[in-house]
Amino acid sequence: MRPNIITEAGISTRLNQWWSSTPFITSGVTLICAAIYLVCLLIGYDSYSEICFLPTAVASHFQVYRVYTSVLFHGSLLHVLFNMLTFVPLGTELERIMGSVRLLFLMFLLATTNAIFHLIVAFLVAYNPISPVSYLVDECSIGFSGVIFSMIVIETSLSGVQYRSIFGLFNVPAKWYAWILLVLFQFLASNVSLLGHLSGILSGFAYTYGLFNYLLPGPSFYSSIEGLSMLSACVRRPGFILCTGGTTYGQLPTYSNTSTAPSSLINRNFWRNISSWMPSRQTSTIQTSSTQEQEDPRFPGRGRTLASTGTEPTAREASANLHARLLDNTTPSDPLTNSQHTALNTVRADATVTADQTDTFDEELKKLVGMGFEKTQAEVALAAADGDPNVAIEILMSQQD
């Protein structure tokens with residue numbers, strides 16, 4: 001077993017390794033937020049009332065620019081540092097699943113819908129006849145945390161995990177994870193926008209329940225943006241992930257992915273998801289297994305959930321797990337060992353490789369390399385997955401964890 005090079009490396013090497021693995025849009029948003037804070041700090045700008053999200057200013061003076069400026073500005077070094085350290089792993093995971101352009105559109109959509117939910121809740125609470133709370137419409141909010149809360153909800157739904165850890169101290173049910181974080185931040189931190197975080201959670205759940213389906217464009221929209229000549233320099237960057245490569249763990253809800261009408265969507269999927277929050281007693285094992293085998297209408301396609309439990313691994317998954325251990329002893333710069341060559345040749349010799357299959361293997365390998373994976377590891381993982389790029393990406397992602 002070779003020594004762990006990353007563990008033995010210095011702090012600067014670890015930071016470079018971490019930052020180089022961050023995709024294009026995630027690193028870009030992080031740099032933009034950090035640069036804006038540094039510029040404000042250097043020039044002494046602190047007039048946040050001019051750029052923050054202020055419900056009265058947006059509603060009465062129609063200052064829509066506040067919806068987006070409030071997301072990019074932060075009030076303190078701790079504020080921007082904590083938000084970006086939280087955003088980078090979330091953005092990296094979602095960008096590898098969705099693609100760079102799709103994640104950028106998603107963040108724009110979430111920022112817009114967060115503002116709409118913020119306005120609705122603020123005015124409903126401020127002007128309700130029973131117990132009005134008027135200060136909510138005059139509350140000034142800035143920071144990226146609203147979008148982060150939306151991304152937490154979406155990533156948790158995509159991952160399929162049953163439990164999430166709270167600061168490494170204790171585990172909570174995944175469906176309550178965002179709500180518990182909302183309550184904890186209200187008690188542990190000062191000057192925290194309750195409505196900003198709550199709006200983010202509401203937008204995240206609305207997205208996962210499919211309520212934004214008609215606002216999401218189809219694959220041709222993202223392909224046309226990726227094909228623009230003015231963006232060719234960005235597309236060629238190693239960290240840029242094409243949307244045309246397909247989603248890794250399951251297709252996300254788009255208008256082209258589903259033919260469900262809005263009324264039936266709300267009647268069936270929305271109320272079924274709401275009812276899933278109620279405690280229920282399992283009546284039979286057969287019914288539970290049949291439910292798990294049904295395709296999730298929110299994320300249609302042949303997707304695989306991360307860290308899902310309760311089912312026995314298939315033969316392909318067992319083979320992928322076996323070959324995943326092969327990658328532990330492989331570095332990008334070191335050649336394959338004899339045993340690894342034997343395993344790789346055995347996998348390729350199990351099936352009759354025609355010229356078309358070889359071309360397909362090379363094409364999938366190029367896609368994996370374009371997503372930022374090392375070529376040697378990508379080739380071994382793809383061979384271990386019998387040419388299935390989804391399984392190969394799962395193997396590579398597990399090694400990075």
Between OG on residue Ser141 and CG on residue Leu195, distance to nearest 0.5 Å: 7.0 Å
Side-chain heavy-atom pair Phe73, Val80 within 4.5 angstrom cut-off: no
Side chains of Tyr48 and Ser70, donor plus acceptor under 3.5 Å: no
Verdict with reasoning, Leu103 to Ile241, per side-chain contact (heavy atoms from CB on, under 4.5 Å): CA-CA 10 Å; Leu103 177 65; Ile241 301 176; over 6 Å; no
Leu216 and Phe105: CA distance, side-chain angles, deciding distance, side-chain contact (heavy atoms from CB on, under 4.5 Å) verdict: CA-CA 9 Å; Leu216 301 175; Phe105 180 84; 3.9 Å; yes
Polar side-chain atom of Tyr163 near backbone of Ser165 as donor-acceptor pair, under 3.5 Å: no
Distance-only polar pair, side chains of Thr208 and Ser157, donor-acceptor under 3.5 Å: no
Separation between CD1 of Ile201 and CZ of Phe117, rounded to the nearest 0.5 Å: 12.0 Å
Test item: Glu95 side-chain N/O and Thr26 main-chain N/O as donor-acceptor pair under 3.5 Å: yes
Phe221 to Ser224 - nearest heavy-atom pair and separation: O-OG, 2.6 Å
Closest heavy-atom pair and its distance - Gln186, Ser193: OE1-C, 4.0 Å
Student check: side-chain heavy atoms of Phe240 and Val101 closer than 4.5 Å: yes
Separation between OH of Tyr65 and CZ of Phe53, rounded to the nearest 0.5 Å: 12.0 Å
Spacing of OG1 belonging to Thr30 relative to CG belonging to Asn83, to within rounding of 0.5 Å: 10.5 Å
Aromatic plane relationship, Phe205 with Trp179 - under 30° parallel, 30 to 60° tilted, over 60° perpendicular: parallel
Step-by-step side-chain contact (heavy atoms from CB on, under 4.5 Å) determination, Arg164 to Ser159: CA-CA 11 Å; Arg164 277 288 165 92; Ser159 67; 3.2 Å; yes
Asn128 (side chain) donor-acceptor with Val125 (main chain) under 3.5 angstrom: yes
Non-hydrogen atoms of Asn114 and Ser150 that approach each other most closely: OD1-OG, 3.4 Å
Flag, side chain of Arg66 to backbone of Ser49, donor-acceptor distance under 3.5 Å: yes
Enclosure of Leu169 CG (heavy-atom neighbours >12, cutoff 6.0 Å): yes
Side chain proximity check, Pro55 to His118, heavy atoms < 4.5 angstrom: yes
Phe167, CZ: over 12 other non-hydrogen atoms inside 6.0 angstrom: yes
Over 12 foreign heavy atoms within 6.0 Å of OH, Tyr127: no
4.5 Å side-chain heavy-atom contact, Ile25 and Met107: yes
Contact check, side chains of Phe82 and Thr86, non-hydrogen atoms, under 4.5 Å: yes
Minimal non-hydrogen separation, Ser27 against Thr22, with atom names: N-CG2, 3.7 Å
Minimum-distance pair of heavy atoms, taken over all atoms of Ser145 and His197: OG-NE2, 2.9 Å
Residues His74, Tyr37; criterion ring-ring contact (aromatic ring centres under 6.0 Å, His included); working and verdict: CA-CA 6 Å; His74 292 80; Tyr37 174 75; 7.8 Å; no
Heavy-atom closest contact (Cys52 atom, Ile142 atom, distance): CB-CG2, 3.3 Å
side-chain contact (heavy atoms from CB on, under 4.5 Å) assessment of Tyr177 paired with Val161: CA-CA 11 Å; Tyr177 179 61; Val161 296; over 6 Å; no
Flag for Thr113-Ser203: side-chain donor and acceptor within less than 3.5 Å: yes
Pairwise distance SG(Cys140) to CG(Asn191) - rounded to 0.5 angstrom: 11.5 Å
Heavy-atom side-chain contact between Leu158 and Leu94 under 4.5 Å: yes
Between OG on residue Ser220 and CD1 on residue Ile225, distance to nearest 0.5 Å: 10.0 Å
Donor-acceptor contact present, side-chain Glu226 to main-chain Cys243, <3.5 Å: yes
